[in-house]
Amino acid sequence: MNTYDDVKEYYGKILESTKSLKTSACTLSNRPSDIILDIMSKIPDEIKNKFYGCGSTIPMGIEGLNILDLGSGSGQDCYIASALVGENGYVIGVDMTDEQLEVANKYVDTYTNTLKYEKPNMLFKKCYIECLNELNIPKSSIDIVVSNCVVNLSPDKKKVISGVYDLLKEGGSFYFSDVYCDRRLDESVRNHKVLWGECIAGALYIEDFKRICNSIGFIELREVERSI
């Protein structure tokens, strides 16, 4: 099983929209705020139809900040953040799937005009989220990293979290929504291609996740909301 190739195929070729998902793991579990819903009304339908997140990860009060989105997919969260950070902020989306990046890039100029910005304030880059050091982003330069149901898809979660830690400014934050479990999963589950794509097979035992974060340097972990 090649996790990277399998996940790229699943999100780039197998899934056509959220209606193609076989489980409810990668679906939005909480209602976004009215502010977010208003912004979403301005985002092209193709981007929203290919959104596979499981939460709302973008905080309010981020005007002027630099945001990095891990596994940005079709770009919905980046488009939302673009509106929230304003012209003086910047948003970078990172994804490994060509088909998703194509959708995300397709509407950047149109959306920039919708927001009445002089120039785009978001950029999409192709990269594995385990290799953030290859993005040429200076260390300690990002205010907030967000990720929406993506870290569970990585076969090397410690490397992902370590890369996030290196890029965040002192006092920066990592906001994410993801799938975790209350026990370590059996190998028969972890080797299931469809369950990897559906964000289940790669889910970490929550206590293992906390230990990884603490070992890297994230010392204050807060659970904002849980959906069971």
Side-chain angles (χ1 to χ4, degrees), residues 2-8 10-12 26 51-55 57-59 62 64-82 84-85 89-105 108 120-180 196-197 199 202-204 208-221:
N2 186 316
T3 303
Y4 296 112
D5 289 345
D6 290 343
V7 171
K8 280 193 286 187
Y10 202 73
Y11 285 91
C26 289
F51 171 74
Y52 304 115
C54 59
T57 63
I58 305 171
I62 59 173
L65 300 186
N66 294 326
I67 311 297
L68 175 65
D69 182 7
L70 304 186
S72 50
S74 64
Q76 177 173 297
D77 284 343
C78 289
Y79 278 68
I80 293 171
S82 170
L84 291 174
V85 300
Y90 205 78
V91 181
I92 301 172
V94 175
D95 204 272
M96 66 178 182
T97 308
D98 290 327
E99 291 85 353
Q100 288 283 70
L101 287 167
E102 182 180 356
V103 174
N105 278 305
V108 170
N121 70 340
M122 62 178 164
L123 172 69
F124 294 96
K125 294 189 174 187
K126 184 177 180 180
C127 184
Y128 293 104
I129 60 174
E130 298 86 354
C131 303
L132 298 178
N133 59 309
E134 297 178 2
L135 290 171
N136 295 319
I137 298 175
K139 288 187 176 183
S140 305
S141 65
I142 300 295
D143 296 291
I144 294 174
V145 176
V146 299
S147 182
N148 203 333
C149 213
V150 171
V151 177
N152 68 81
L153 297 173
S154 169
D156 192 345
K157 297 168 178 58
K158 185 172 184 179
K159 193 171 182 180
V160 174
I161 297 167
S162 179
V164 169
Y165 188 85
D166 288 342
L167 290 180
L168 282 172
K169 294 179 180 178
E170 184 73 24
S173 300
F174 182 23
Y175 284 83
F176 57 91
S177 179
D178 223 315
V179 180
Y180 295 95
W196 260 102
C199 306
L204 265 181
D208 286 341
F209 169 72
K210 292 176 181 178
R211 279 188 278 270
I212 290 172
C213 290
N214 290 156
S215 71
I216 290 169
F218 287 105
I219 57 175
E220 191 172 357
L221 307 179

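One is the number of the first residue; the rest follow in order along the sequence.
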Report, as yes or no, whether the 6.0 Å neighbourhood of atom [atom1] on [X] holds more than 12 heavy atoms from other residues, nucleotides or ligands.
X	atom1	result
K125	NZ	yes
Y175	OH	no
Y180	OH	yes
I219	CD1	no

Kindly determine whether V179 and C149 satisfy side-chain contact (heavy atoms from CB on, under 4.5 Å), including the steps that lead there. CA-CA 7 Å; V179 180; C149 213; 3.9 Å; yes

Would you say the ring centroid of Y79 lies under 6.0 angstrom from that of F51? no

Close side-chain approach of [X] and [Y], heavy atoms under 4.5 Å:
X	Y	answer
K158	D156	yes
V151	F209	no
Y52	V150	no
I161	C213	yes
I58	I67	no
S140	L168	no
Y128	S154	no

side-chain hydrogen bond (donor to acceptor under 3.5 Å, both in side chains) with E220: which residues, sequence neighbours excluded?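 In terms of side-chain hydrogen bond (donor to acceptor under 3.5 Å, both in side chains), with neighbours along the sequence ignored, E220 is linked to R222.
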
Among V164, L65, D166, I137, find the one that has a side chain to side chain contact (heavy atoms under 4.5 Å, CB included) with I142.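 Filter result, single survivor: I137.
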
Between F218 and F174, what is the ring plane arrangement, given parallel below 30°, perpendicular above 60°, and tilted in between? tilted

Yes or no on side-chain contact (heavy atoms from CB on, under 4.5 Å) for L70 and L132, after CA distance, side-chain angles and deciding distance? CA-CA 9 Å; L70 304 186; L132 298 178; 3.8 Å; yes

Applying side chain to side chain contact (heavy atoms under 4.5 Å, CB included), name anything that partners N133, two or more places apart in sequence or on another chain. C131

Under 3.5 Å, is there a donor on one side chain and an acceptor on the other for N121 and S82? yes

Contacts of type salt bridge (charged side-chain N to carboxylate O under 4.0 Å, His left out), residue K169, not counting sequence neighbours: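 Salt bridge (charged side-chain N to carboxylate O under 4.0 Å, His left out) list for K169, sorted by chain: D143.
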
